[in-house]
Amino acid sequence: MEDPNIDDGDQNRETEIAPALIAVHPAHQSVAVAVGSDLRVFNLQEGCAVTLGDGDDLDGKSSTNVHKDSIRAIRYGANNGTLFVSAGDDKLVKIWATTTWRCISTVVSEKKVSAVAIRSDGLFVCFADKFGVVYVVDTQGISGEQGSTNEKGIPILSHYCSIITSLEFSPDSRFIISADRDFKIRVSVFPKNPLDGAHEIQSFCLGHTEFVSCLAFVFGQDYPQGLLISGSGDSTVRLWDFTCGALLDTCAVGTEAGYLETDGKEGECRPAVTDLCATKDGSLVAVALQSLPGIMLLSCDISARTLSVLKVVSISEDPFIPTSLGSGSLKQFLWMVMGVSSLQGSDLACLARVRVLSGFSKSNIATLEEHKASLLDDKDIPGRELVLQKLQGTLSIEKEVLSSAAEAVKTAMRNLLIKKHYPVEKREYRKRGRNDRKNKQR
């Protein structure tokens with residue numbers, strides 16, 4: 001029997017599709033795609049699919065379906081990539097050793113997990129939940145041989161009742177930066193003993209007028225500590241001196257891509273920035289935009305502390321709106337994925353389409369300005385058909401299915417992060433169904 005307090009709109013929002021994610025090993029040794037509850041990894045060095053070993057599987061079997069619900073965050077360790085973390089709606093944070101691709105620890109969260117970060121030395125993993133709390137896990141006690149389960153994270157800071165959308169360590173690991181749905185970016189000092197909490201706030205970066213969707217760092221010789229770049233639902237990319245919260249520059253990428261500002265009509269909105277990816281030297285930034293079939297490339301002048309549009313790389317041969325971007329520091333490839341879980345009308349429960357752009361580096365900026373974008377054909381990407389078979393789940397995807405996925409992608413990010421407004425009676429009904437309320441009643 002249907003509950004009268006839940007209408008069709010509520011039911012649709014409760015079963016939101018999950019955008020596909022991509023992550024690339026910093027040394028370009030492997031690439032991972034998460035779509036729905038599937039985690040798919042390909043070994044680029046050896047040219048073969050990776051078999052995942054989950055420490056929770058007592059029978060020794062392995063599967064790409066290592067989570068019980070949609071994966072919302074994946075991340076390689078920044079320096080040597082020996083650790084990999086996946087987390088999501090099943091309230092599990094899985095820490096993987098990339099040398100064996102065994103899950104060496106499973107951390108249980110009280111809420112659904114929305115973001116993860118790994119400190120550059122790999123000693124600490126942080127994750128954030130949809131209630132606005134950031135937790136830390138000390139990895140020094142984790143053995144690479146046998147997986148531990150039912151571990152708990154230690155809460156270190158909180159954004160009061162606001163979904164944390166992105167989490168990053170600064171390049172020097174002195175700070176942890178957290179962004180949320182309420183337009184805020186908080187810069188916290190990461191303490192010497194993080195298990196005691198991160199109570200010291202360095203600054204706030206304020207200026208976005210919609211949810212902050214993604215963060216990235218750019219750094220060079222003049223700024224070894226780095227400058228912060230943020231993307232938002234307000235259709236802008238902003239450059240910050242995060243140590244003092246100063247806004248250095250703003251690039252209206254939605255307008256630059258040809259999308260008009262909203263004129264206030266009901267239902268109209270600006271396209272959200274869904275992901276950012278910067279080259280190692282920070283001179284080039286790739287931007288994924290909610291409705292853009294392709295990517296936008298920004299030039300970042302760290303010395304002048306400015307952002308400017310270099311060009312828009314259109315992908316017109318098939319509908320392709322990237323949901324996630326990734327790049328290793330040693331290769332000049334930008335990996336892109338478009339995909340969603342639970343796509344209605346498709347035989348593919350978890351759809352992913354992978355594309356690769358070559359020449360993603362400072363030395364090739366002039367080339368990108370003068371010539372067409374170096375978007376690789378499927379036969380020319382690293383790993384070729386084998387990598388596509390593994391990461392996409394199939395080699396060929398019908399154009400009609402891609403079109404349906406592209407339409408779903410256009411609204412997926414905003415539906416995930418936009419605030420939902422419920423009448424008082426529905427709010428009370430939802431509160432009664434919360435797990436933390438149920439536990440207290442017991």
Side-chain angles (χ1 to χ4, degrees), residues 21-28 31 74-79 81 115 117-118 120 165-173 175 177 179 185 187 205 212-232 236-243 247-251 253 256 273-289 292 294-313 322-337 356-365 367-369 373-374:
L21 307 172
I22 197 165
V24 181
H25 189 282
H28 209 252
V31 59
I74 55 175
R75 177 71 65 95
Y76 282 93
N79 278 359
I118 306 173
S120 60
T165 57
S166 190
L167 200 59
E168 294 283 344
F169 277 100
S170 62
D172 58 9
S173 298
F175 304 100
I177 293 85
I185 301 171
V187 181
C205 299
V212 183
S213 53
C214 46
L215 301 171
F217 276 96
V218 294
F219 54 95
Q221 293 182 347
D222 295 336
Y223 291 91
Q225 79 277 11
L227 298 175
L228 181 68
I229 296 181
S230 60
S232 168
T236 68
V237 174
R238 303 187 185 224
L239 183 67
W240 309 85
D241 181 345
F242 65 93
T243 59
L247 176 61
L248 304 176
D249 201 5
T250 299
C251 187
V253 292
E256 295 287 349
V273 175
T274 56
D275 204 6
L276 298 167
C277 185
T279 55
K280 184 179 180 180
D281 64 5
S283 62
L284 190 62
V285 181
V287 182
L289 203 58
L292 179 66
I295 58 164
M296 178 177 287
L297 295 177
L298 305 183
S299 176
C300 179
D301 188 328
I302 297 178
S303 298
R305 306 200 292 184
T306 59
L307 288 171
S308 59
V309 176
L310 192 62
K311 70 178 302 180
V312 174
V313 181
T323 51
S324 182
L325 309 174
S327 178
S329 58
L330 299 183
K331 297 288 185 178
Q332 299 176 4
F333 296 116
L334 176 70
W335 290 75
M336 305 170 283
V337 66
V356 179
L357 181 79
S358 66
F360 185 61
S361 69
K362 178 181 179 181
S363 61
N364 286 286
I365 287 181
T367 303
L368 288 170
E369 286 177 322
S374 302

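Both backbone and side-chain heavy atoms feed into the values below; hydrogens, waters and symmetry mates do not. For the single chain, residues carry numbers from 1 onward in sequence order.
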Quiz prompt | Residues forming a ring pair (Phe, Tyr, Trp, His ring centres under 6.0 Å) with Phe219, sequence neighbours excluded | solution = none
Quiz item: Picking from Leu247, Thr250, Leu227, what satisfies side chain to side chain contact (heavy atoms under 4.5 Å, CB included) with Leu239?
Solution: Leu227
Self-check item: Ser324: side-chain contact (heavy atoms from CB on, under 4.5 Å) partners, not counting sequence neighbours
Solution: Leu21, Ile22, Asp275, Val337
Quiz item: Between Ser213 and Thr274, is any pair of side-chain heavy atoms under 4.5 Å apart?
Solution: no
Quiz item: Which residues pass the side chain to side chain donor-acceptor pair (under 3.5 Å) test with Asp301, sequence neighbours left out?
Solution: none
Quiz prompt | Closest approach of Gly294 to Pro322 (non-hydrogen atoms, all atoms of both residues) | solution = O-CD, 3.3 Å
Quiz item: Who are the ring pair (Phe, Tyr, Trp, His ring centres under 6.0 Å) partners of Tyr76, not counting sequence neighbours?
Solution: His25, Phe84
Quiz prompt | Over all atoms of both residues, closest heavy-atom pair of Phe360 and Thr279 | solution = O-CG2, 3.5 Å
Quiz item: Got a sec, which residues hit ring pair (Phe, Tyr, Trp, His ring centres under 6.0 Å) with Phe333, two or more places apart in sequence or on another chain?
Solution: His28
Self-check item: Partners meeting side chain to side chain donor-acceptor pair (under 3.5 Å) with Asp241 (sequence neighbours left out)
Solution: Thr243
Quiz item: Listed by chain and number, what are the side-chain contact (heavy atoms from CB on, under 4.5 Å) partners of Ala216, not counting sequence neighbours?
Solution: Leu276
Quiz item: Less than 4.5 Å apart, any side-chain heavy atom of Val237 and any of Ile229?
Solution: yes
Quiz item: Looking at side-chain heavy atoms only, is the closest gap between Val273 and Ser232 below 4.5 Å?
Solution: no
Quiz item: Side-chain contact, heavy-atom cut-off 4.5 Å: Val212 with Ser166?
Solution: no
Quiz item: Mind checking what makes side-chain contact (heavy atoms from CB on, under 4.5 Å) contact with Ser308, not counting sequence neighbours?
Solution: Ser299
Quiz item: What pairs with Arg238 under side chain to side chain donor-acceptor pair (under 3.5 Å), at least two apart in sequence or on another chain?
Solution: His208, Asp234, Thr236
Self-check item: side-chain contact (heavy atoms from CB on, under 4.5 Å) involving Val312 - partner list, sequence neighbours excluded
Solution: Leu292, Met296, Ser314
Quiz item: Sequence neighbours excluded, which residues qualify as side chain to side chain donor-acceptor pair (under 3.5 Å) partners of Ser120?
Solution: Ser173
Self-check item: Any donor-acceptor N/O pair, Ser361 side chain to Gln332 backbone, under 3.5 Å
Solution: no
Quiz item: Can you check whether Leu228 reaches Phe217 side chain to side chain, under 4.5 Å on heavy atoms?
Solution: yes
